[in-house]
Amino acid sequence: MAREKIIKVGAVLVLLIFAYSFPVQAALAPDSSKKPGGIVPPLKIALEAPSKLQIRNFPGTLPVDLEWLDNSINETGFTIERSTNGGSYAVIGTVRAGAKSFTDSTVGKDMQLKYRVCAYGPTGKSAYSNEVEWITVPNAPGNLTAQLRSSDKVVVLDWKGNNNYATYKVTKTTVLTGTSSKLESIDVHGSFPHYEDKNITPGGTYTYQVTAVSPAGYAFSNKVTIAYSAAPSNVTVSYFPGASTVTVKWKDNSPNETKFRIEKAHSNQGISQVTEVAANTTQFEDQVWVDRLHMYRVAAVSADGTLSPYSEVYYWYAPPQYPDGVKAVALSGSEVKLSWNDRSTYETSFKITRKGDKMVVPIEVGANTTTYIDKGLKPNTVYTYTICAYNSTSNTYSEYYHEVTVTTLNP
């Protein structure tokens with residue numbers, strides 16, 4: 001191209017010499033057809049349009065640097081025009097003759113731009129160069145938040161998009177207990193600043209970052225981490241007969257909880273108490289409510305307050321209420337009638353102990369029973385009875401009612 005420009009310059013010089021020497025010749029040989037003086041005006045040369053306009057930016061940088069090829073020899077300078085976000089072209093600057101570059105320092109992030117350049121001089125202005133298009137580096141996604149929706153095992157991500165000309169990617173780092181970390185890049189369909197991650201597992205720790213992507217480069221959001229604690233398991237109850245407290249125990253399956261939440265209900269009446277204990281704790285002392293169904297479930301709590309799935313509900317029946325009003329009446333020399341008041345709700349049977357005739361005999365009758373006739377006894381013999389309510393599910397006993405004594409009849 002430099003050689004072509006030299007040739008053009010030479011041709012123009014020849015024309016100029018010819019143009020300016022012609023009036024002299026005319027003066028030496030006057031022509032009656034010429035106007036007085038015989039002067040021919042100088043030759044005007046049209047301006048050539050710049051070409052090969054291009055943007056020379058590194059991705060992710062501002063401002064915008066333009067370069068082009070100067071094809072004119074007689075320009076006064078160059079005019080640079082810009083269209084912003086689809087609008088009309090407007091002049092944003094001029095440079096001197098012979099210039100081949102321009103820096104646009106008035107642009108910001110996330111802008112859609114078009115540029116064109118023309119030469120100008122005494123004869124007007126040239127045609128425009130080719131157009132070039134550019135989208136500037138995007139704004140960083142702002143205020144990324146993550147929320148665990150444990151009901152359907154989803155992490156919900158939201159952020160401020162701040163961009164019109166960028167798409168988004170979600171970078172996800174997964175750490176599961178006993179495994180190495182895993183890095184994923186997930187395309188977000190469309191430009192809406194929202195994503196729901198359904199590929200999560202209890203016991204994992206998940207770190208997210210959102211990247212805005214445009215032809216000019218990348219911009220990154222803050223990072224957020226969700227610890228999806230695993231549910232505790234193997235909930236059991238340990239109870240010492242006659243104690244006023246019960247010990248609830250469980251297995252800790254999560255490496256990242258900050259505490260445990262224990263929820264308790266009585267007799268299918270809904271959650272009545274919530275207690276929290278420190279991380280890595282695996283038991284909890286609770287008060288015993290006599291003749292009540294105790295229901296327990298346990299969840300791990302992560303640092304951001306999200307709950308793991310709950311353990312299975314453990315059902316434990318506290319000791320039943322003891323029967324009262326126990327009476328023993330001899331019906332004959334071989335039979336005694338026992339009666340009592342059933343005060344418990346959750347007994348599965350009543351256990352009776354008979355002492356007499358140098359023997360101790362256990363007797364068991366069904367739930368909700370309030371009388372029993374003891375047969376096969378010896379006449380004129382003293383017998384002593386005690387009775388308690390029993391729940392076989394939890395293997396718990398009520399207190400025993402005080403002893404009652406009766407003597408069988410003498411036939």
Side-chain angles (χ1 to χ4, degrees), residues 58-62 108-112 135-233 251-261 276 278-281 297-311:
F58 285 105
T61 61
L62 290 176
K109 295 180 179 180
D110 190 47
M111 295 175 67
Q112 186 183 53
I135 294 177
T136 58
V137 62
N139 291 296
N143 194 29
L144 174 63
T145 61
Q147 182 178 4
L148 174 63
R149 198 168 66 210
S150 55
S151 59
D152 53 356
K153 298 182 180 179
V154 171
V155 172
V156 180
L157 301 176
D158 288 291
W159 61 92
K160 291 183 180 179
N162 303 329
N163 290 292
N164 296 310
Y165 304 103
T167 58
Y168 296 102
K169 287 182 178 289
V170 173
T171 301
K172 171 186 174 185
T173 304
T174 301
V175 179
L176 299 176
T177 304
T179 65
S180 58
S181 62
K182 176 183 177 183
L183 183 65
E184 301 174 73
S185 180
I186 305 165
D187 289 323
V188 178
H189 298 294
S191 58
F192 190 69
H194 176 86
Y195 178 72
E196 296 189 1
D197 184 12
K198 301 179 181 178
N199 186 24
I200 60 173
T201 303
T205 300
Y206 303 93
T207 300
Y208 299 92
Q209 187 174 39
V210 175
T211 305
V213 182
S214 81
Y218 308 91
F220 303 96
S221 73
N222 56 299
K223 292 183 178 181
V224 293
T225 298
I226 285 286
Y228 189 11
S229 300
S233 61
K251 181 181 178 182
D252 178 3
N253 295 318
S254 177
N256 51 19
E257 84 280 347
T258 58
K259 55 188 174 182
F260 286 99
R261 174 175 294 182
E276 293 183 340
N280 304 317
T281 305
R297 66 180 187 179
V298 184
V301 185
S302 61
D304 61 358
T306 57
L307 297 179
S308 74
Y310 281 95
S311 67

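- In this pair, Y218 and F220 present their aromatic rings parallel. The plane angle is below 30°, not in the 30 to 60° band.
- Between D110 and N162 the shortest side-chain heavy-atom distance does not fall below 4.5 Å.
- Residues G108 and T136 come closest through the heavy atom pair O-OG1, 2.8 Å.
- Taking the side chain as every heavy atom from C-beta outward, L157 and D197 never approach each other to under 4.5 Å.
- Side chains of S308 and P202 form no contact here, defined as non-hydrogen atoms less than 4.5 Å apart.
- At least one donor-acceptor pair under 3.5 Å links the side chain of Q209 to the backbone N or O of S221.
- We find the OG-CZ distance between S311 and R297 to be 8.5 Å, quoted to the nearest 0.5 Å.
- Side-chain contact check for I200 versus L148: some heavy-atom pair is nearer than 4.5 Å.
- For the pair V301/E257, no side-chain contact is recorded, criterion being any heavy-atom separation below 4.5 Å from C-beta on.
- The minimum heavy-atom distance between P141 and A219, with the atom names listed, is CD-O, 3.5 Å.
- Summarising the geometry, atom CG belonging to L307 is positioned 5.0 Å from atom CZ belonging to R261; distances are rounded to the nearest 0.5 Å.
- V213 is not listed as a side-chain neighbour of P138, based on a closest heavy-atom distance of 4.5 Å or more.
- Across all their heavy atoms, S302 and T258 have their closest contact at O-OG1, 3.3 Å.
- Distance OH/Y165 to CG/N139: 12.5 Å, rounded to 0.5 Å.
- Separating the CZ atom in R149 from the OG1 atom in T306 is a distance of 13.5 Å, to the nearest 0.5 Å.
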Passes side chain to side chain contact (heavy atoms under 4.5 Å, CB included), V224 versus N222? Steps please. CA-CA 7 Å; V224 293; N222 56 299; 3.7 Å; yes
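- Across A230 and A300, no two heavy atoms sit closer than the pair O-CB, 3.9 Å.
- Interatomic distance, CD1 of I135 versus CE of M111, reported as 11.5 Å (0.5 Å rounding).
- Looking at L176 and Y206, their side chains come closer than 4.5 Å, going by heavy atoms from C-beta outward.
- Side-chain contact between W159 and Y168 is present, with heavy atoms from C-beta onward closer than 4.5 Å.
- For the atom pair T173 OG1 and Y208 OH, the distance stands at 10.0 Å (nearest 0.5 Å).
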Chi angles and distances behind the side chain to side chain contact (heavy atoms under 4.5 Å, CB included) call for K172, N199: CA-CA 11 Å; K172 171 186 174 185; N199 186 24; 4.0 Å; yes
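- Counting heavy-atom neighbours within 6.0 Å of Q147 CD, excluding the residue itself, gives a total of 12 or less.
- Of all non-hydrogen atoms in P232 and N253, the two that sit nearest each other are C-ND2, 3.8 Å.
- Across all non-hydrogen atoms, the minimal contact from N256 to S254 is OD1-OG, 2.7 Å.
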